[in-house]
Amino acid sequence: MNKEQIIAQDEQHYVPVFARYPIVLSHGEGPYVYDTEGKKYLDFLAGIAVNVLGHAHPKLVAAIAEQAGKIIHCSNLYYTEQQASLAAALTKLAGMDKVFFANSGAEANEGAIKLARKYGKTLSEDRVEIITAENSFHGRTYATLTATAQPKYQKGYEPLPGGFRYVPFNDLEALKNIVSEKTCAVMLEPIQGEGGINIPDAGYLQAVRQLCDDNGALLIFDEIQTGMGRTGNLFAYQTFDVKPDIVTVAKGLGGGVPIGAFLVAGKVADVFHAGDHGSTFGGNPLACAAANSVLAVIAEENLGANAAVMGEYMMAELRKLQSKYSQLILDVRGKGLMIGVQISRPGREIVNRCLEEGYIINCTAGEVLRFVPPLNINKNHIDELIVNLDKVFAEFC
Ligand SMILES: *Cc1c(COP(=O)(O)O)cnc(C)c1O
């Protein structure tokens with residue numbers, strides 16, 4: 001099938017929930033992907049912060065192939081070495097006590113929310129409220145959609161589950177005003193991703209931690225986008241030095257193979273018992289083999305440190321463009337390789353122009369260009385992108 005035929009077939013049969021770009025991708029290598037017509041793209045979106053090792057990393061490919069030849073799936077009624085070793089490695093690196101494996105970000109958050117509710121009930125029947133932040137993104141299932149405090153995602157799906165309350169992100173006073181003996185958890189992204197790469201003020205997350213402790217509430221960090229080395233450490237809470245009671249991770253964890261997880265520490269680690277939660281696929285040996293390989297490569301290739309250094313370099317280069325195009329570029333912000341560029345117009349056209357030029361970037365929250373590239377990129381890749389951005393920005397000034 002040619003490109004037009006593939007697109008037509010998909011449009012005819014796939015539920016049209018995605019506003020897709022008109023290209024058909026075929027394969028990738030490192031930070032590059034190729035479409036079916038052989039055109040090459042530099043990929044600074046990386047499957048939305050998923051392909052942390054880039055495309056077709058030989059170690060990840062070998063780990064998946066080797067595991068597929070042994071056993072792909074066996075259900076969670078049995079033990080596997082891949083799952084046991086991933087559980088050990090991830091809890092150790094995270095400094096947490098226990099882990100549960102799911103298949104996606106939303107599912108990891110769903111489990112974390114259920115766990116928080118169950119924990120709240122051990123304190124009192126009324127301790128059910130979960131407080132989340134405006135402009136957050138936590139997923140598309142019913143509980144996670146309700147946790148996602150953005151009306152555009154919730155509209156049309158009412159009635160939503162009860163017990164969720166919202167505050168502006170990075171506003172400690174607002175949080176103080178609604179935390180109570182009914183609060184079972186406060187759930188935040190340490191840096192809001194989908195909401196526009198919103199970085200909290202220094203001290204905000206620490207103060208939230210303290211507020212939770214003072215009120216007997218749990219702190220849940222959704223690190224589905226910030227985790228897996230992106231901000232310079234395996235988890236952003238290590239970068240910000242604030243430890244949550246529950247942390248969720250997904251996106252980069254399997255390097256593209258679907259897997260999510262929640263990790264728990266301390267008093268919450270012993271809340272769930274046999275039968276309280278579950279998953280057929282979650283943490284199957286194929287997904288765990290992939291995640292074990294991703295963790296090994298992140299350590300071997302020092303990708304957290306690379307993300308920190310490359311992030312600083314890229315933001316410095318972007319700030320040069322900001323001074324050149326100050327009408328268009330209002331702000332450059334980020335941590336490691338999670339970078340947002342606030343612009344003064346909708347970003348979609350700029351994203352489209354970059355795609356035509358062979359650069360995959362993304363726009364979120366309407367007017368924020370988002371860059372979440374593979375963590376193993378180097379300066380040459382950044383320079384290549386910056387030259388292109390310079391050219392495209394000039395067209396919009
Ligand atoms: C992507 C994302 C999710 C949802 O993950 P899915 O795998 O799409 O369900 C949840 N939280 C954050 C912060 C995310 O970036």
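Every value quoted in this text rests on a predicted model; they were computed, and no experiment measured them. Numbering of ligands and ligand atoms starts at 1, following listing order.
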Margin query: Tell me whether the rings of Phe262 and Phe100 are parallel (<30°), tilted (30 to 60°) or perpendicular (>60°).
Written below: parallel
Note down each nitrogen or oxygen pair, ligand 1 side and protein side, whose separation is under 3.5 Å; give only atom names and the distance to 0.1 Å.
| unit_1 | atom_1 | unit_2 | atom_2 | d |
| --- | --- | --- | --- | --- |
| ligand 1 | 7 (O) | Gly105 | N | 2.8 |
| ligand 1 | 9 (O) | Ala106 | N | 2.7 |
| ligand 1 | 11 (N) | Phe137 | O | 3.1 |
| ligand 1 | 11 (N) | Asp222 | OD1 | 3.4 |
| ligand 1 | 11 (N) | Asp222 | OD2 | 2.7 |
| ligand 1 | 15 (O) | Gln225 | NE2 | 2.8 |
| ligand 1 | 15 (O) | Lys251 | NZ | 2.6 |

Margin query: Once salt bridge (Lys or Arg N to Asp or Glu O under 4.0 Å) is applied, what residue pairs with a partner in residues 175-191 remain, sequence neighbours excluded?
Written below: Glu173-Lys176
Item checked: Polar side-chain atom of Ser326 near backbone of Gln322 as donor-acceptor pair, under 3.5 Å -> no
Note to self: Asp35: which residues meet the salt bridge (Lys or Arg N to Asp or Glu O under 4.0 Å) condition with it, sequence neighbours left out?
What the structure shows: none
Next item on the list: Supply the members, apart from Tyr79, of the Ile/Leu/Val/Met/Phe/Trp/Tyr cluster built from side-chain contacts under 4.5 Å; use none for a lone residue.
Entry: none
Margin query: Strictly distance-based, threshold 3.5 Å: is any side-chain N or O of Asn76 a donor or acceptor partner for the main-chain N or O of Gly278?
Written below: no
